[in-house]
Amino acid sequence: MDLVIEPLSQVPIYQQIRDRVIEMIAAGELLPGDALASVRNLSQALGINPATVVKAFDLLRSEGFVVTNRRIGTVIADVRVADPLDTDWTRRLHTLLAEARARGASPAQILAACREWTGDDHQ
Amino acid sequence: MTWFFVALVILMGITIAGIPAMSRPTVPLGIAVPSTHVDHPVVRTARRRHAVITLLATALVALATALVPLPIVAQSLSSLAILVIGFVVMVLARRPIVAAKSAEGWYDGVRVGVAASPVSRSTAGPMPGQRSFVISLVICGLIMVAAAVIGILAYPTLPDPVPMQFAADGTVNTYAAKSWWIVTVPLLALAVTVLLLTLLGIVIRRTARRQLPDGSGDLGRREAAERTGLQLALLGWSALVVAWSFAASSLLFWFGMAPRVVQLVVLATLVATVGLIAAIVVAAVRMRRRVADHATPGDTETPDDDAHWHLAGQVYVNRNDPAWMVPKRVGIGTTVNLGHPGGIAFLVGILAFSAAIVIVSFTLAL
């Protein structure tokens, strides 16, 4: 799986990069210790400003999903924790769910979307 | 020599007419279109018109070159003429596509994106075409060493003055005073050329690969890998033809071969060059078909960046793009980003190197 960004999307590109990397970690396509492409290579491949990639990597680093290794560069961190559904994540989930409800989604629709995404591979 | 220029015109004309087959289907005649519109009637008609008119013009120019008695210099301009005609035909043939795309809103509501591998390439294995590239460079090295050894050993027996240029019938028409420059300059020029091709191959190998989805789930990744591999292989073949040309011409100058031998060597060089061009065209067309045959359906199109491509999709200028080298839009290969200082420096460097070769050659012949 590749990292795909949509330049015309309303979502900022650095946010898209951050979101795609996390999705790839969740799908097992990026494992702890995997080295991410350099800022220069990734920005050239995607045709975007290197500062945007730096911002995405900084965001991932602040959230603990990546760490910087002087020799290798930016690598995927082992983010598994004892309590994965901590207060901060739960609060953000509440906001996300509220956003869906505000747009008119029913609880059944939200649950169906969650089941479709998690599937058997994510249990 | 007339037959050579006729053959060159025909080869160039066929290559120009076949450019769409060597390009991504989503950039017919250098215009970006969504994958859903590659078979649109306007696109099909434009491509057909471009091919037919180009081939007709090729036939006319070739006939004129063959039948009209002109000096060799004038005949050599026939290849330039077919280039100009090919460019003009492409500019005119693509206009209906531009008009239909704008009028019908082909990209309205289309999801566009660019993809890249997020992981470091240092962990990747050998790339397709890399082995062919390395083998070609090794052979080039052997050719250079052999030519250098022969030149050094033969220097005491070289005539004074030394032949520097041959006429079309294989006889010598220019001489230069014997000196070590006669031996070293051609070999240095060969070594520098092969070195530059090697560096270019390394740059292509290490440059981040831009993946263009073109409406497929994995076509962008596959196309980027195949494109890079083909470029490496073709660079290696080009280096071989250059090495052969330099080494063979050096041997001709040093040993004063009979005119018939000179003509045969020149013919072999021309055949090798023509063969290289034909190999590039065939390899590019086969690569495009192979990539298209294995594409999986997807919902992301490559962004419409027509605004950054000029001169019928030949020149790329984008100051906001951090890449100084990008995939060509027309044909196969890579081109420089003239909106990037690195791209401009590379182009200036190539032009300066070519000019230096010409100037040194003329200086030696004086």
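What you see below is based on every heavy atom in this structure, not just the backbone, and it leaves out hydrogens, waters and symmetry mates. Order of the sequence lines sets the chain letters (A, B, ...), proteins ahead of strands, with each chain counted from 1.
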S.K.: Counting only heavy atoms closer than 4.5 Å, note whether A:Ser43 contacts chain B via side chain, backbone, both or neither.
M.R.: both
S.K.: Enumerate by number any residue of residues 58-69 of chain A whose heavy atoms lie under 4.5 Å from heavy atoms of chain B; in the absence of such residues, state 'none'.
M.R.: none
S.K.: More than 12 foreign heavy atoms under 6.0 Å from CZ of B:Arg290: is that the case here?
M.R.: yes
S.K.: Please output the residues of residues 4-12 of chain A in contact with chain B, using a heavy-atom cutoff of under 4.5 Å, in numerical order.
M.R.: A:Val4, A:Ile5, A:Glu6, A:Pro7, A:Leu8
S.K.: Quick one: does B:Pro118's side chain get under 4.5 Å of A:Arg20's, heavy atoms only?
M.R.: no
S.K.: For chain B, which residues of residues 93-111 of chain A have at least one non-hydrogen atom nearer than 4.5 Å to it?
M.R.: none
S.K.: With chain A, which of B:Pro322, B:Ala323, B:Gly113 has the greatest number of heavy-atom pairs at distances under 4.5 Å?
M.R.: B:Pro322
S.K.: What pairs with B:Thr334 under side chain to side chain donor-acceptor pair (under 3.5 Å), at least two apart in sequence or on another chain?
M.R.: B:Gln231
S.K.: Given a strict heavy-atom distance threshold of 4.5 Å, which part of A:Ile48 is in contact with chain B: side chain, backbone, both, or neither?
M.R.: backbone
S.K.: Between the side chain of B:Arg209 and the main-chain N/O of A:Ala45, is any donor-acceptor distance below 3.5 Å?
M.R.: no
S.K.: Write down the atom of B:Ala116, the atom of A:Leu46, and the distance for their closest heavy-atom approach.
M.R.: CB-CD2, 3.6 Å
